[in-house]
Q: 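Got a structure for you, written out below as structure tokens; questions coming shortly.
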Amino acid sequence: MAPRTRRNAFPKVVIERDSESEQSSSSSDDDDDNGEEPLSDSEGEEVVAAAAAGSGKEEKMEEEDAAVKKKGKAPITISLKKVCKVCKKPGHEAGFKGATYVDCPMKPCFLCKMPGHTTMSCPHRVATEHGVIPAPLRSTHSPLEYVFQRQLRPKIPPIKPAHVIPNQVCCAVIRYHSRFNPVNDGTIYAASSDGTISCIDLETGLSSSLMNLNPDGWQGPNTWRMLYGMDINSEKSVVLVADNFGFLYMVDTRSNHKTGDAIMVHKKGSKVVGLHCNPVHPELLLSCGNDHFARIWDMRRLEARSALHELPHKRVVNSAYFSPLTGCKILTTAQDNRLRVWDSIFGDLDSPSREIVHSHDFNRHLTPFRGEWDPKDPSESLAVIGRYISENFNGAALHPIDFIDTSNGQLVAEVMDPNITTITPVNKLHPRDDVLASGSSRSLFIWRPNWTSEAEEQKDERRIVICGNAEKTRKKGFGDDSDDDDMDGGFKSKGKKTKSLKLEVRESKSALVIAKANGET
DNA sequence: ACTAGATGGTTCC
DNA sequence: TGGAACCCCTCTAG
């Protein structure tokens, strides 16, 4: 209706239908020159109309018309063809078919980022090793070591403990919101996106401010400093934090005052997202950030451009951790869908010992994924990390939590629960108990091994698939469960019914801490 | 049952 | 160098 009433001053509207023969033009000076690609000639708002197949076409066109009146642009093609929502081209469709995601064939593989195949047929997806890129031989130092690596090592049976995978949900909290930060015994040091560090006493609930990077308040985004990376060096009694402009700050935990000047540890203006103090060598600090680098620093000589080593990545580095027992290995998670492992910080650090392709290429709405070491693994090879792309699991699209042997890239276990459909980018294993805490910004789950009922193993033996029962709106056992006593530094809710709690999972030195704060406090 | 919007790194101009 | 457009598997309020 509306298009017919338009005058010559309004742009021509060409409608393309799903079948090529059915074409109509609503403009008065119709010249049928619509051989172009349906959506190639305009700004993109026509896509909306194109997607609106079926009902409401006329209303859509009226809206379209109104938009055109405002802009006075010409000409516009409205396509009623179905187009791929990813590449906007007809002939195929991407998206979920049931619980299976069908990839757009026009895009590179969503997993390994290489062209020529889709995620479904990606060699890294179907390979047993889950896509490991082996260490280059030049990482060996001497001919002797080369011989050892090549000829002797494979014959030595690896001492690999049987990994215990916490795979059953024992309590779950969905919908919580909180930003605290690391915890140390009865106190929490919190680094905040408002640029402050505060110290909170868990007994009294009182907090004191240690540092404020925005003393003048909001002066615009160019000056507002936000804290991201944080760790505590208890040996040196300092809290280390880093901001979104590439600078590192230190606060003495005894005097609760800032020590020294800010040090530029990453490219000026780039976000420093992770700090980790070496668990064995207190003088070593690891940082990572948005400038695509992870850097190893000597705490005794901390100044700009004085890093001991620079570990380059292809994309932003989400996290970087020393290994928990010897502190000799490094595990990083980068946004190029690769976990990287350096086997020895005292060896050749020019290139990673291994790159493991793994889907953690988060979209911007998610907390960045962080691969973390299993602190109980004496071989320092097991790592846990949430997976971004989903798997069709009995008709449900689930995002498992992967346990990966970083020595060979093998997927040891994938943990999931049919009731948990959310992505869990942050996962933490308990330092001694077989407990996994996993969560995102809005949810938290505690997993334990399923000893009572046998885990349902798929025919594929290398994988363990779990069926559990999570209570979606209410947690059970947490706080009432005496086993939780061993959560160092955490505090129980003393038998109270736990309703809406704020939760934060964090580690302090070697301990997993689950801090719970009642909304009242 | 549907969609807009929050959100941030990257790329292109 | 800065601004704008772009972006594949979210999540949820409306």
Side-chain angles (χ1 to χ4, degrees), chain A residues 39 42-45 47-56 59-60 63 83-89 92-115 117-122 125 174-177 179 193 220-222 224 226 228 243-246 266-273 288-293 313-318 333-337 358-369 386-393 395-400 402 416 420-426 439-444 472-473:
Chain A
L39 304 165
S42 51
E43 304 294 328
E45 60 263 41
V47 175
V48 177
S55 62
E59 291 87 339
K60 283 283 176 193
E63 286 168 26
V83 296
C84 170
K85 68 173 184 179
V86 176
C87 71
K88 310 287 190 289
K89 294 213 166 59
H92 64 274
E93 282 182 87
F96 277 106
K97 284 267 184 291
T100 303
Y101 192 91
V102 179
D103 284 302
C104 171
M106 308 300 284
K107 291 279 182 174
C109 171
F110 197 54
L111 176 56
C112 74
K113 308 299 177 192
M114 303 303 282
H117 63 270
T118 62
T119 313
M120 201 59 81
S121 58
C122 176
R125 186 182 181 118
I174 296 187
R175 288 165 158 275
Y176 77 98
H177 203 75
R179 291 261 173 183
S193 57
N222 294 331
W224 184 257
M226 302 198 280
Y228 286 86
D243 70 6
N244 54 333
F245 290 104
H266 283 268
K267 186 181 171 187
K268 196 174 184 181
S270 72
K271 193 190 292 180
V272 183
V273 292
C288 63
N290 281 11
D291 63 352
H292 300 192
F293 279 96
H313 293 69
K314 296 250 167 51
R315 289 295 178 99
V316 166
V317 189
N318 290 348
T333 308
Q335 286 188 27
D336 61 353
N337 266 359
H358 177 265
S359 173
H360 50 256
D361 174 31
F362 77 110
N363 83 18
R364 62 191 178 289
H365 311 291
L366 293 176
T367 305
F369 286 84
R387 197 190 305 173
Y388 182 32
I389 52 173
S390 60
E391 197 82 42
N392 185 343
F393 178 70
L398 302 178
H399 307 268
D402 290 332
M416 62 188 114
I420 298 173
T421 55
T422 56
I423 289 176
T424 49
V426 180
S440 66
S441 65
R442 289 191 183 80
S443 59
L444 181 124
K472 279 215 164 185
T473 52

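Order of the sequence lines fixes the chain letters, A, B, ..., with proteins taken first and strands second; residue numbering starts at 1 for each chain.
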Q: Which nucleotide sits closest to the side chain of A/His365: B/dT11, C/dC11, B/dA6?
A: B/dA6
Q: Whole angstrom is fine here: how far is it from NZ in A/Lys85 over to P in C/dC8?
A: 10 Å
Q: Looking only at side-chain N and O atoms, does A/Asn318 offer a donor or acceptor that is under 3.5 Å from a partner on A/Thr333?
A: no
Q: Of all the nucleotides listed (B/dG8, C/dC11, B/dT10), which has the minimum atom distance to the side chain of A/Val316?
A: B/dT10
Q: Is the A/Phe110 ring parallel, tilted or perpendicular to the A/Tyr388 ring (thresholds 30°, 60°)?
A: tilted
Q: In whole angstrom, what separates A/Lys268's NZ from C/dG2's P?
A: 12 Å
Q: Centre-to-centre under 6.0 Å for A/Tyr101 and A/Phe96, is that the case here?
A: yes
Q: If you measure from the C1' atom in B/dC12 to the same atom in C/dC9, how many Å do you get, rounded?
A: 26 Å
Q: Look at the side chain of A/Asn290 and decide which nucleotide, out of C/dC8, C/dT10, B/dG9, has an atom nearest to it.
A: B/dG9
Q: Would you mind telling me which residue lines up with the more 5' stretch of DNA chain B, A/Arg315 or A/Met226, judged by nearest nucleotide?
A: A/Met226
Q: Charged N to carboxylate O under 4.0 angstrom, A/Arg315 versus A/Asp361?
A: no
Q: Taking the minimum atom-to-atom distance to the side chain of A/Ile389, which one of C/dC9, C/dC8, B/dT10 wins?
A: C/dC9
Q: Quick check for you: among C/dC9, B/dT10, C/dC11, whose closest atom lies nearest to any side-chain atom of A/Phe96?
A: C/dC9
Q: Remember a base hit wins even if backbone is also touched, and classify A/Lys271 as base, sugar-phosphate or nothing at under 4.0 Å, heavy atoms.
A: sugar-phosphate
Q: Could you please name the option among C/dC8, C/dT10, B/dT10 that lies closest to any side-chain atom of A/Val86?
A: C/dC8
Q: Round to the nearest Å and state the distance from A/Asn337 atom CG to B/dG9 atom P.
A: 17 Å
Q: Looking only at side-chain atoms of A/Thr422, point me to the closest of C/dC9, C/dC11, B/dG9.
A: C/dC11
Q: Report the nucleotide, chosen from C/dC7, B/dG9, C/dT10, that has the shortest atom-to-atom distance to any side-chain atom of A/Arg364.
A: C/dC7
Q: Are A/His358 and A/Arg387 side-chain neighbours, meaning at least one heavy-atom pair lies under 4.5 Å?
A: yes
Q: Just the rounded figure in Å: distance from C1' of C/dG3 to CG of A/Asn222.
A: 12 Å
Q: Tell me what A/Pro108 touches on the nucleic acid: a base, only sugar-phosphate, or nothing, going by heavy atoms under 4.0 Å.
A: base
